[in-house]
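Owing to the predicted nature of the structure, the values given are computational and were not obtained by experimental measurement. Numbers restart at 1 for each chain; the letters A, B, ... are given by sequence-line order, proteins then strands. Just so you know, these numbers use all the heavy atoms, side chains as well, and skip hydrogens, waters and symmetry mates.
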Amino acid sequence: MKKLLSAVLACIPFAQAIAADTPVIIGSKNFTESYLLAEMMAQLLETRGVLVRRQFGFGGTKVSFQALVNGEIDAYPEYTGTIALVILDGDSDMNSVDIRAGLEPMGLEILAPLGFNNTYAVAVAADIAETRRLEKISDLALHTDLRAGFSHEFRGRPDGWPGLAESYGLSLNTSGIEHGLAYQAIAERKIDLTDAYSTDGELNRYDLVLLDDNKNYFPSYLAVPLVRRQLDLGAKIILNSMAGRLTNVRMRELNAAVVIDKLSIAAVAAGFLQSEGLIDKRPGTDEGMWTQLRRNTLRHLQLTIIALTMACVAGTGLALSVYRSGRASGLVLYLAGLIQTVPSIALLALMIPLLGVGVLPAIVALFLYSLLPILRNAITALTTIDPVYRQVAEAMGLTRRQQLRHVLMPLAYPHILAGIRTAAVISIGTATLAAFIGAGGLGEPIVTGLALNNTGLILQGAIPAALLAVATEIAFSGLEWRMIPRHMRQSQ
Amino acid sequence: MTSVAVRFSSVSKNLGGVQVLDHVDLEIRTGTVTAILGESGSGKSTLLNHINGLLVPDTGRIEVLGAELNPTNMQAMRRRMGYAVQAVGLFPHLRVYENIALASTVFGASAQATRDRARRLMELLKLGNELENRYPHELSGGQQQRAGLARALMLQPDLLLLDEPFSGVDPIARVSIHAEFQNLLAAEPATTILVTHDVREAVKLASRFVILQSGQVLQQGSAESLRSSPATKFVKQLFENLS
């Protein structure tokens, strides 16, 4: 058992090493523009001979910021308003000098603004705007029946809906919605308005109108590369060559090329950089679908297998050490049950302050999630063994260890295996969420696809994840069939 | 070896508020087959389980095979005692052969010695070779009892503890198991303690008798002595109807 444990522990630094052996790691949040800007930054560096690794699709500002502070990424595109309010806890009229001063103690800095201002906006379907004569945000005060679906971040952050409602005196029924699905929801008349980014390419497709921010409530959100101060000076200079080149209109067009024309992020980024004369030709790093699929699947397996192995060792070990005491078993099961009640995405988020982002926190979260089914089945199995078997084994003169090895464990094994099987299938499902904290895996195309409203991409993650779960189920059936006598199998 | 295999000196045991053994004094001589007789709840199985240390007395002393059981000698002593119970308790994950051979295998006997011993026992107990690779649930009740008996005898125990081992079998099968059991004891004599509530079975297989009632020893001795001078009406009734 010790050997197995040390083998598993040995895998963890290995997993971390994967995330650490490239010099410049570019991150992005999980929406089109962030992907595009990050990809531009990456390509620009690559054409100048800098080795780049992409860690795209973080599920929010706090996550990507934390990743930057922890050194898990070196740079990602951010907006001045977001930095002021969310990161520095300041107010919206912070200027760039204040921002720089605020970031310095954190070991971070912003580079020159890229040119456009992607501020929040409120988008309404054009026909509703017309019939209700909505032009300005303040007009909404008279239409309390409108249904607002806001992205979770907008609904939660102080400069989002809470501040907007107060500033304009609005009271609307709001609900949370994944930003990538909001316009579709408006088109299907499920909601009437949503928050939008002023450079959003989708605005063109869905015939949406942006309401005028007549009280200048929204602060300016100038796009800037947010980087670690330690980042190589040469890299900073290269990134600064993008300064001021992107207007609002240009950015919206580029976004539209991705979300409407379905061009790849890499192609659109390269097209822009070429048209600006920043690169000669697109660097040949665009991975084919199969390469991506292979990489994502391997990462997915790596996450689940390491977590599951740890959970097997810890779960069975813990079960063996407590099963003789009813109170200890009860307590352990209660605690494991508590962990299980934490929603998986919340559990992943809770890992961020403790372990940062990336592979390690994802593995720990998956481990905690896998623990309960294994623990519960192992304890139940060990405590419900027919007392006659214990009595006979004991009377035979077997030591406690011999009883465990030859009698109790083999009798408990079918239940334990069933627990591991449940844990494996849960892990494979839950691991798709690990992409939100930058751990990669098959969740990556799902998260990206959701952000880009690209069904093809979503399926690129969803189908293999589903197949993997089914294959796991089949593999465990095979294992059960091979290792457990028919009359003792859990699934007949 | 001492001529007394098991000696109880004023052994008492209270389980969940019930006095299951009440100052029991008892001597079982080496080489005898002794039947412990009594009604359900009289303390028969409890008494047996004190001999192999599954239960520990509240007061009194128990000597088994010349020694008192304690945590240090417990496992070694148990390996000198065979144990078979009514519920049989053949391990469901092991085949019949594996069940019989388990103790021998675990305690490090050679595969050849284990095989020879297991085969001999199976033969003596009329368990056909074809049963070796079956799982316990694939055997009849009688076959399970025989396999349980073979497992108990695997290590050639000095002391054989049998807790109603034949009671789960139908009367016809029981007759033949009795016969095989007698053959077996003739081939490999062992001090045997047989717990049963069936007086006929006891008289057929045993030479000495211990009568228990409410945790107390009413009387012990040979069949003749019990029949000729029963200590109580209960003992008299037990033995008078036997031909």
For B/Val85 versus A/Val388, what's the shortest heavy-atom pair and its separation? CG2-CG1, 4.3 Å
Is it the side chain or the backbone of B/Val106 that comes within 4.5 Å of chain A heavy atoms, both, or neither? both
Nearest heavy-atom approach of B/Pro92 to A/Leu411 is CG-CD2, 3.4 Å
Tell me the closest heavy-atom pair linking B/Phe91 and A/Met396, and the distance in Å. CE1-CE, 4.1 Å
Can you list every donor-acceptor pair under 3.5 Å that links chain A to chain B?
{"unit_1": "A/Gln391", "atom_1": "NE2", "unit_2": "B/Tyr83", "atom_2": "OH", "d": "2.6"}
{"unit_1": "A/Glu394", "atom_1": "O", "unit_2": "B/Arg78", "atom_2": "NH1", "d": "3.4"}
{"unit_1": "A/Glu394", "atom_1": "OE2", "unit_2": "B/Arg78", "atom_2": "NH1", "d": "2.9"}
{"unit_1": "A/Gly397", "atom_1": "O", "unit_2": "B/Arg79", "atom_2": "NE", "d": "2.9"}
{"unit_1": "A/Gly397", "atom_1": "O", "unit_2": "B/Arg79", "atom_2": "NH2", "d": "2.8"}
{"unit_1": "A/His406", "atom_1": "O", "unit_2": "B/His93", "atom_2": "NE2", "d": "2.8"}
{"unit_1": "A/His487", "atom_1": "NE2", "unit_2": "B/Pro92", "atom_2": "O", "d": "2.7"}

Okay, B/Leu90 and chain A: the region with an atom under 4.5 Å from a heavy atom over there is backbone
